[in-house]
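Below is one structure, written out as structure tokens; the observations come after it.
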Amino acid sequence: MTPDVTTAAAGTASLVQSVDWVAIAPPLITAAAALIVLLADLFLSPKRKSLLGWVTLAGLVAALAALLPLRTGSRSTFCLTANPDACSYTVDQFAFVIQALVLGGALLTALLSMKDTEEKLPAGEFWFLLLSSAAGAALLPASRDLATLVVALEVASLPAFALVGLRRGDRLSSEAALKFFLSSVTATAVMLLGVSFVYAATGTLHLTELATKLATVPGQLETVAEAGVVLTLVGFAFKTAAAPFHFWVPDTYVGAPLPMAAYLSVVGKAVGFSGLILVTVVAFPAYADVWGPALAVLAALTMTLGNAAALRQSATRAHSAVRLLAWSSVGQAGYLLVPIAAAAYSSDDKVGATVAYALMYAVVNLGAFAVAALVARSKPLNRLSDYRGLYAERPLAALALAFFLLCLAGLPPGIIGLFAKVTVFSAAVDAGLGWLAVVMAINVVVALYYYLRWTALLFRPAGASAGTAPRPERLRVPVPLAAAIGLTAVGGVLLSGLPQLALHFATVTLF
């Protein structure tokens, strides 16, 4: 072999990378389960389609189990040969927590959906789309370059459009899917334009390299870089339902199947916030003076608009319970934005408060949607007035919902909700954002009204009131739905009894 050929062979060999299969196992198992469901749907008879739901549950449980070897340390793969520190996929403490959150959220969504796929929704399409979206959601927090980040975001989002509009012949469902799709596509186009500007200014897409190169951008490219940073943030602001990019939320939640509304409120929000944290804290620290004030203003605007709209929900309006949860999720998004904004003024560790708050929010919000799904089985209009006297009819469900609402409000016995809010509040104060802490405190007090009003309805005597239809015959609770309510209730009680399980992440280095 000639020297030239030997050199060429050595150069080619150096480009061959080993893949850390353990690191990529959670999203890979979820994607494999989606393919299995897709193929099995072709061969199963209509009477046996229910098996697809159990395959989905098994796939999500296996993906969660694959996280166990990743709970300590940091593992990376798909790294540059010239710079081993620049990797496209890294599982660190941050990625581990968010992957556990999104896969757990997808598992609970699957439990909520078991009965719907037997009665109302096409099983094969639903389970395939849910697993596909969950695979993208699990990939995103470990993504460490902008290309992988955008691809993961779209893999998580595109199936969600179809899931929202999956109730065939339902006008509200089709309208919600179209509104969600058009606004999301616009936001994605803006984000891609921003990513292209950032690449033009730096010549790289890896987040760790961007952090270095954005700090030394030549003067003639500084405006391009700033525009790229702002446009990229706009795309993620939509995914997090931050105002003024929140307009799609209430109609989408009302039109979507209720399990999908729960999925979007928790998993969709986790995807958006994890992407936002990665691009701000990891990739764009050099432009903290740009995104810090912008996120602080967005946080104040989001929590104020969300809580103000939630206050206006009429008890007798159709779907008012779901609309209140939708506007509540917008207000909660404002709280989640506070520590990210605070990170621009102090240390990156502040984003741990967002992770801690997200863990609390995920458990109790999924629980609230689970009880709403139970009530919707006998009262499909799902009005707030339909919850009057729920304690007399279903005491355990009423107590669970009351606990979830008190957690969201930050009142005992929902200790985890109180501690999580104090953690977020402290992040703002420590960063010198006293005005934002004041705005948050006012909004927390405002939110108490509509959370306590709903809680009080649960224990009022049931009776016919104006605009309230007679109560239909009580239906049996499906086992998967009861399991979802039970798991979220146990999770909420556990977090309230041992709040350090979630608040621990507010005090550790995540990256």
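Treat the numbers as computed from the prediction; the structure is a model and nothing was measured.
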*Which pair of heavy atoms, one from G105 and one from L366, lies closest together, and at what distance?*
CA-CD1, 3.8 Å
*asked:* Please report the interatomic distance NE2(H319) to CG(D251), rounded to the nearest 0.5 Å.
replied: 11.0 Å
*asked:* I'd like to know if the side chain of N307 reaches the main chain of S328, judged simply by a donor and an acceptor atom lying under 3.5 Å from each other, with no hydrogens or angles considered.
replied: no
*Nearest 0.5 Å, what's the NZ-OH distance between K269 and Y263?*
13.0 Å
*State which residues pass ring-ring contact (aromatic ring centres under 6.0 Å, His included) with F181; sequence neighbours excluded, sorted by chain then number.*
F161
*Taking only Lys NZ, Arg NE, NH1 and NH2, and the carboxylate oxygens of Asp or Glu, determine whether D92 and R75 approach each other closer than 4.0 Å.*
no
*Heavy atoms only: give me the nearest A402-T455 pair and the separation to one decimal.*
CB-CG2, 3.9 Å
*CZ/F369 to OG1/T109 distance, rounded to the nearest 0.5 angstrom?*
10.0 Å
*For S183 and F180, indicate whether the former's side chain and the latter's backbone hold a donor-acceptor pair under 3.5 Å.*
yes
*Residues S274, F94; criterion side-chain contact (heavy atoms from CB on, under 4.5 Å); working and verdict*: CA-CA 9 Å; S274 57; F94 173 78; 3.6 Å; yes
*At their closest point, which heavy atom of L214 faces which heavy atom of A283, and how far apart are they?*
CD1-O, 3.6 Å
*For the pair Y450 (side chain) and R312 (backbone), establish whether a donor and an acceptor sit closer than 3.5 Å, ignoring hydrogens and angles.*
no
*Specify the closest pair of heavy atoms between K239 and G272, including all atoms of both residues, with the distance to one decimal.*
CB-CA, 3.8 Å
*Could you tell me whether the side chain of S143 and the main chain of D145 form a donor-acceptor pair under 3.5 Å?*
no
_According to ring-ring contact (aromatic ring centres under 6.0 Å, His included), who are the partners of H206, at least two apart in sequence or on a separate chain?_
none
*Of the non-hydrogen atoms in V322 and Y253, which two are nearest, and what is the gap between them?*
CG1-O, 3.7 Å
*Quick one: are the ring centres of W248 and F238 less than 6.0 Å apart?*
yes
*Are any non-hydrogen side-chain atoms of L163 and P257 less than 4.5 angstrom apart?*
no
_Can a donor-acceptor pair be found, under 3.5 Å and without considering hydrogens, that links the side chain of S133 to the backbone of A156?_
yes
*asked:* Is the shortest side-chain heavy-atom distance between T90 and S74 below 4.5 Å?
replied: yes
_Audit row: M360, F419, side-chain contact (heavy atoms from CB on, under 4.5 Å) steps and yes/no_ = CA-CA 10 Å; M360 178 281 299; F419 283 7; over 6 Å; no
*Donor-acceptor contact below 3.5 Å, side chain N443 vs main chain V439*: yes
*Please tell me if the side chains of L140 and L149 come closer than 4.5 Å, counting only heavy atoms from C-beta onward.*
yes
*asked:* Once rounded to the nearest 0.5 Å, what's the spacing between atom CZ of R144 and atom CG of L207?
replied: 7.0 Å
*Would you confirm whether T77, through its side chain, and Y89, through its main-chain N or O, come within 3.5 Å as a donor-acceptor pair?*
no
*Using only heavy-atom distances, determine whether the side chains of Y345 and K350 contain a donor-acceptor pair under 3.5 Å.*
no
*Quick one: do E209 and T202 satisfy side-chain hydrogen bond (donor to acceptor under 3.5 Å, both in side chains)? Show the steps, please.*
CA-CA 9 Å; E209 290 191 334; T202 61; over 6 Å; no
*For the side chain of T280 and the backbone of I277, is there at least one donor-acceptor N/O pair under 3.5 Å apart?*
yes
*Counting heavy atoms not belonging to F247, are there more than 12 under 6.0 Å from its CZ?*
yes
*State the CG-CZ distance between L336 and F273, to the nearest 0.5 angstrom.*
4.5 Å
*Look at the side chain of Q313 and the backbone N and O of L324, then say whether any donor-acceptor pair between them is shorter than 3.5 Å.*
no
*Of all the heavy-atom pairs spanning A160 and L264, show the shortest one and how long it is.*
CB-CD2, 4.1 Å
*Enter the distance from L301:CG to F245:CZ here, rounded to the nearest 0.5 Å.*
10.0 Å
_Tell me if a side-chain donor or acceptor on T240 pairs with a main-chain N or O of A237 at a distance below 3.5 Å._
yes
